[in-house]
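First comes the structure, then the notes that go with it.
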Amino acid sequence: MPDKRLPLWEVFIRNKRGLDHKHAGSIHAADGEQALQYARDTYTRRNEGCSIWVVKSADIIASQPQDEDSFFAPAADKIYRHPTFYEVPEDLKL
Amino acid sequence: MTDTTALAAMFQQRIDAEEKIEPRDWMPDAYRKTLVRQISQHAHSEIVGQLPEGNWITRAPTLRRKAILLAKVQDEGGHGLYLYSAAETLGVSREELIDQLHSGKAKYSSIFNYPTLTWADIGAIGWLVDAAAILNQIPLCRCSYGPYARAMVRICKEESFHMRQGYELLLTLCRGSEQQRGMAQDAVNRWWWPALMMFGPSDTDSTHSVQSMQWKIKRFSNDDLRQKFVDQSVPQADHLGITLPDPDLKWNAARGHYDFGEIDWEEFFRVIAGNGPCNHERLSARIKAHEDGAWVREAALAYADKQRQRAQKAAA
């Protein structure tokens, strides 16, 4: 007998054309098709979306908070990646 | 310093700086436990809260009112689901949460243990119960736990329709016949005090308040929110031409607030303990719905499993 619990799915919704899909929450469903239907009923009762993605929560690979420093810190000291690092004549509208 | 005390200090620092705590962050066990208790209790309240109103869907007086009530009850189901999934980010499973509700280990708001005797009750619930819920919920949009705060933002956006439809319903009754006005007054008489109890015990008796404030799960005291509710409800009742059932209710110019009578705390604790008018009925209805739906969940899983096997065979 397979596991009797309905798996967890993460729901991403595109508000309107031109915008990114954004994480809305999660739902339980037996398969992808049912997950889409449940996501529609749960997260788009007031025209909040025109497109939905669902992905099994177990399939998401996430960075860990304890790795935050080693993972993201190297970007912090590279201030030359920002335009404000450079001194240029102000009146030239560069 | 041990690792835990250092982590606990960092955790509180983050909260003091108004940064959110996210699911994979380190958090004290007591914070996790408090949140699971509070979020699941909140989710259960939404789910059980569908029952008193569902009672009137088939008997709504017009198609317009029926469509509105259906949408409201569906919202409450949705709110329950947002909150269950927020609770699940803390490592508790949906099955555990539902078991805790059904076994009586977890509580839900005691307001839903009162019966909906007439159609006017649907108006009184929207106007008073949903208004009280909104006052409790708005500060939770800034709660320190990210998933809970995000669920609350979504819920609060949807909740104001609930209150407005209730007020409009009562307004319609109050502009109607003598009998309809009487029905509205009777409903308010029965719901006013239980609505005041929704803000929880008085601050002096509230067991969880101090720690929850420090963790920024809670932002305002029970008594402050209750006062706000009374102050906003009085002019709304006046406009309806309805009398709030409290002889001690009067404006206090010195305080700039309405004074109101003592709440019957004995009744509050009696209903919480399981001895309200509908506790047994509500819980049995939930358990029956869950058990009657078991075959649907099993069939959906069996179907998904069969489709998966077919797809594997076709690929092989």
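Computed from a prediction, not measured in an experiment: that's the story for all the values here. Chain A is the first sequence line, chain B the second, and so forth, proteins listed ahead of strands; every chain is numbered from 1.
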Is the number of heavy atoms from other residues, nucleotides or ligands under 6.0 Å of [X] [atom1] greater than 12?
X: A:Asp20; atom1: CG; result: no
X: A:Asp59; atom1: CG; result: yes
X: A:Ile61; atom1: CD1; result: no
X: A:Asn47; atom1: CG; result: no
X: A:Trp53; atom1: CH2; result: no
X: A:Lys78; atom1: NZ; result: yes
X: A:Asp77; atom1: CG; result: yes
X: A:Glu90; atom1: CD; result: no

Review point. Do A:Asp31 and B:Lys306 sit within salt-bridge range, that is, some charged N less than 4.0 Å from a carboxylate O?
Key: no
[X] side, atom [atom1]; [Y] side, atom [atom2] - distance, nearest 0.5 Å:
X: A:Glu68; Y: B:Asp25; atom1: CD; atom2: CG; value: 7.5 Å
X: A:His28; Y: B:Glu95; atom1: NE2; atom2: CD; value: 6.5 Å
X: A:Arg5; Y: B:Leu301; atom1: CZ; atom2: CG; value: 11.0 Å
X: B:Arg154; Y: A:Arg46; atom1: CZ; atom2: CZ; value: 11.0 Å
X: B:Arg94; Y: A:Leu8; atom1: CZ; atom2: CG; value: 7.5 Å

Report which part of [X] has an atom under 4.5 Å of a heavy atom belonging to chain A: side chain, backbone, both, or neither.
X: B:Gln307; answer: neither
X: B:Tyr84; answer: neither
X: B:Glu22; answer: neither
X: B:Ser93; answer: side chain

**Study point:** Heavy-atom closest pair, residues A:Arg45 and B:Gly78
**Key:** NH1-CA, 3.7 Å
Review point. Between B:Ser85 and A:Ser26, what is the shortest heavy-atom contact and its length?
Key: CB-OG, 3.1 Å
Check your understanding: So which of B:Glu158, B:Arg297, B:His79, B:Arg308 has the biggest tally of heavy-atom pairs under 4.5 Å with chain A?
Key -> B:Glu158
Point to revise | Choice from B:Asp75, B:Leu81, B:Thr89 maximising heavy atom contacts with chain A below 4.5 Å | key: B:Asp75
Exercise for review: Without swapping roles, check the side chain of B:Tyr82 against the backbone of A:Thr42 for a donor-acceptor pair under 3.5 Å.
Suggested key: yes
Study note, to complete from the structure: When the 4.5 angstrom heavy-atom criterion is applied to A:Tyr43 and chain B, the contacting part is both
Practice item. Side chain from CB out, backbone as N, CA, C, O: work out which of these in A:Ala24 comes under 4.5 Å of a heavy atom of chain B, or both, or neither. Key: both
